[in-house]
Structures are given as structure tokens and as C-alpha cells.
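These notes concern the structure reproduced below.
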Number of protein chains: 2
Amino acid sequence: MSAFEKTFRERGISLTSSRLALFSVLEKARGHLTVDEILSRARKKDRTLGLATVYRTLNLLCALGLIEKHEFPNMEATYERVSETEHHHHHIIDVRSGAITEFSADELDVVLEKIAAAYGYKMQGHKIEIYGEKIILDEASPKGKV
Amino acid sequence: MSAFEKTFRERGISLTSSRLALFSVLEKARGHLTVDEILSRARKKDRTLGLATVYRTLNLLCALGLIEKHEFPNMEATYERVSETEHHHHHIIDVRSGAITEFSADELDVVLEKIAAAYGYKMQGHKIEIYGEKIILDEASPKGKV
DNA sequence: TATTTATTGAGAAAGATTATCATTCTCAAT
DNA sequence: ATTGAGAATGATAATCTTTCTCAATAAATA
């Protein structure tokens, strides 16, 4: 039984064939998926799956903390499974290609909690995004600025 | 002459009455403004200002680095003047009220540059968001979990 | 002031997400 | 296995934000 299915059973939330098809897609996938990718992959398992159900289920899974939604500037929204074993991570966004690289920085997380506390807040979540461009060594015609 | 106007002159970009009206709104405003707030305030100066022009001008100012666009989850996009004197800052978002608090953390910026470099990136920008709820002392009926 | 080009406003269009609603499905209790 | 109540679904309409189109206008330069 999948981790998603387990959570649904524990919470007494209905398990439907639509949801099982989506669970399978999201649990198998590596990295970030757009809504259209999720829909088309899940339709291979459940031919009649509707777009509205995809959105509803993604919202439900986000609310349960089983997946995360990412919205980077000028990109389609993507969804990603929250790993039970791996640590929370953040993202480097390549401003040229849109490529996403993940990194962890638990020591930063601690600093952010302290900042939140200093302003009278209990931190519940946080997000760090780095925008940059890949450093290319041995580039034929360097563009200066380095 | 406003800082925005100065930049436009230096770069040889046309100064129109639409743009001047928007400059005035954005330079006077404290904090974050939505597109509708910007439009309605600017219409007091330029009665015929159109929505498309607001979007076009905001995009232009973002590209010039004179303002920043912020898109927090489940909230309308907002725009904020980039100060020439104050440091780059980040945001704490109150998950209950949506209130935004700003904080600076230059020491974190340095750490992020190093992380970027470790992954082969030259950092060009970054974003830190803390989500949390206000700690209320002396609350009549605490909700546990503390 | 004339000329050239960029900018504008209005509305259409696009894209993403949510709402509506009649039908279908799930699941606990029979 | 069957049933019944409520939850979930798919199709599509509706909404919301942002961009596009294009004829008319305004800005900058000569």
C-alpha cells in the first residue's frame, strides 16, 4: 500500500480509482510535474480522468502535506512528492534554461526559525529560491562580467 | 525629478503622462500594492489610464530593476518599489491574515551565493519566504500544539 | 511644425484554476 | 451481496489575471 493510500485510510478519506491513478503517477515520478504531465500520465491508468479532478486531488494532497506545489516566475506550476526519508529542500532556478536544481540547507532552516521568532512568529514553513546562471568554464567567447 | 524618471531619461525611454502618473504612485507608496490599487490611484492623476498600460509599465519597471513583483501563494500579485538606500529584504507571511513583514539578512545572502557556486551557478537573485503564525502571548484559550 | 516611431486604450483572447451540477461511486451498515 | 447517504466525479461554464491586437494618439527628433 502506498504512502498516500495509507494516509487516506488513516484519515477516513475515500479511495477512488481517480485518486489511486494519481497516487501512482505522483509516487513514481522523479522531480517536478506539471498539471498536464500528471493528467496525461494518469489517464493511461484511468481513461476517463477529468482535469477538474486532477486539480481537486492535487489541492487535497497539498493540504495533507503529501505533495508540494511550486510556482516559479514565468513557469507553469509544478508539483512534487514530499519525501518521507529525504530532508526538506530548496531550489536553484537557471534563469536561462529554467532548469531546477535542488539543495538542502538545514543550517539555514534554523536561522530562519530564529528570524521568525525575533519578529514574533512561529515558523510553519519556508521557501528559498536562488536565481542564477550556470558558470561555463572554457567558454569560447566569455561575456565579461566575470 | 524622480528616480524612475531619471532612469528613463538616461536610457532614452519615452516619458509619457501614463508613465509619470504610475511613477508617482509607485514612488509614494509604502509597502506592497496590487495592480488594482495601482490602477485606481494612478487614475486620480491620469483619468484615462488603461489597465493594459499598467501591466506594460509594471513589466518594464521590473525589467529595469526599479520595482519588484511578489507572488505569494493564494494572494494577488503585488509590486514594491526597490529602494536605492535600503538593503534587499525578504518576507514573513502570516498564514492567517496574509500580513507581510519584511526582514533583512545579508549574512544569509552570502551563504546562498556560496551554495549557488557549489552547484556551479553564479547567483543573480534570490528569494526567502517564511510562512508562520503570530505568537500571541496571554491568549485566552490556547489551541495546544505549543 | 512635420515626421517617424513608440505608446496608448479598449476590448478580445489566452491560460490557468475553480465552481456548478447532474450522475456515479465509495463505504459502512445492513 | 445490497442498500442508502454522502462524497467524488467529469464535463463544461465561469472566473480571474495577464497578454495580445490594432487603430488612434502622443512623444521625440529633426
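Predicted model, so just to flag it, every value in this text is computed and none were measured. Throughout, protein chains are lettered first and strands after them, A, B, ... in sequence-line order, and every chain is numbered starting at 1.
Of all the heavy atoms in A/Pro73 and B/Lys127, the pair that sits closest is CG-NZ, 4.0 Å.
For B/Ile13, whose side chain is taken as the heavy atoms from C-beta onward, the closest listed nucleotide among C/dT20, C/dT8, C/dT7 is C/dT7.
Put simply, the side chain of A/Glu129 reaches to within 4.5 Å of the side chain of A/Tyr131, judged on heavy atoms. B/Ile128 has its side chain out of reach of A/Leu108: every pair of non-hydrogen atoms, C-beta onward, lies at least 4.5 Å apart.
Note on B/Ile92 and B/Val95: separate hydrophobic clusters, where clusters join Ile, Leu, Val, Met, Phe, Trp and Tyr whose side-chain heavy atoms are under 4.5 Å apart, directly or indirectly.
Taking the six-membered ring where the residue is Trp, A/His70 and A/His89 present tilted rings, their angle falling between 30° and 60°.
Nucleic acid contact class of B/Arg56 (heavy atoms, under 4.0 Å, all strands): base.
With the 3.5 Å cutoff on both pairing distances, Watson-Crick and G-U pairs in DNA chain C assemble into runs of at least 3 at C:1-30 with D:1-30.
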Any N/O pairs under 3.5 Å between the protein and nucleotides 15-18 of chain C? List them or say none.
from, atom 1, to, atom 2, distance (Å)
C/dT17, OP2, A/Tyr55, OH, 2.5
C/dT18, OP2, A/Asn59, ND2, 3.1

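In this structure a side-chain-to-backbone donor-acceptor pair under 3.5 Å is missing from A/Arg96 to A/Glu133.
Hydrophobic cluster of A/Phe4: the remaining members, joined at side-chain heavy-atom separations below 4.5 Å, are A/Phe8, A/Ile13, A/Leu15, A/Leu20, A/Leu22, A/Phe23, A/Val25, A/Leu26, A/Leu33, A/Val35, A/Ile38, A/Leu39, A/Leu49, A/Leu51, A/Val54, A/Tyr55, A/Leu58, A/Leu60, A/Leu61, A/Leu64, A/Leu66, A/Ile67, A/Tyr79, listed by chain and number.
With sequence neighbours left out, the salt bridge (charged side-chain N to carboxylate O under 4.0 Å, His left out) criterion links A/Glu107 to no other residue. Contacts of B/Arg41 classified as side-chain hydrogen bond (donor to acceptor under 3.5 Å, both in side chains), with partners at least two apart in sequence or in another chain: none.
Proximity of the aromatic rings of A/His91 and A/His32 is defined here by a centroid distance below 6.0 angstrom, and this criterion is met.
A nucleotide of DNA chain D counts as in contact with chain B when one of its atoms lies under 4.0 Å from a heavy atom; the first and last such, 5' to 3', are D/dT17 to D/dA28.
Rounded to an integer number of Å, the gap from B/Leu49 CG to C/dT8 P is 9 Å.
The shortest distance between the side-chain N/O atoms of B/Thr16 and the OP1/OP2 oxygens of C/dT8 is below 4.0 Å.
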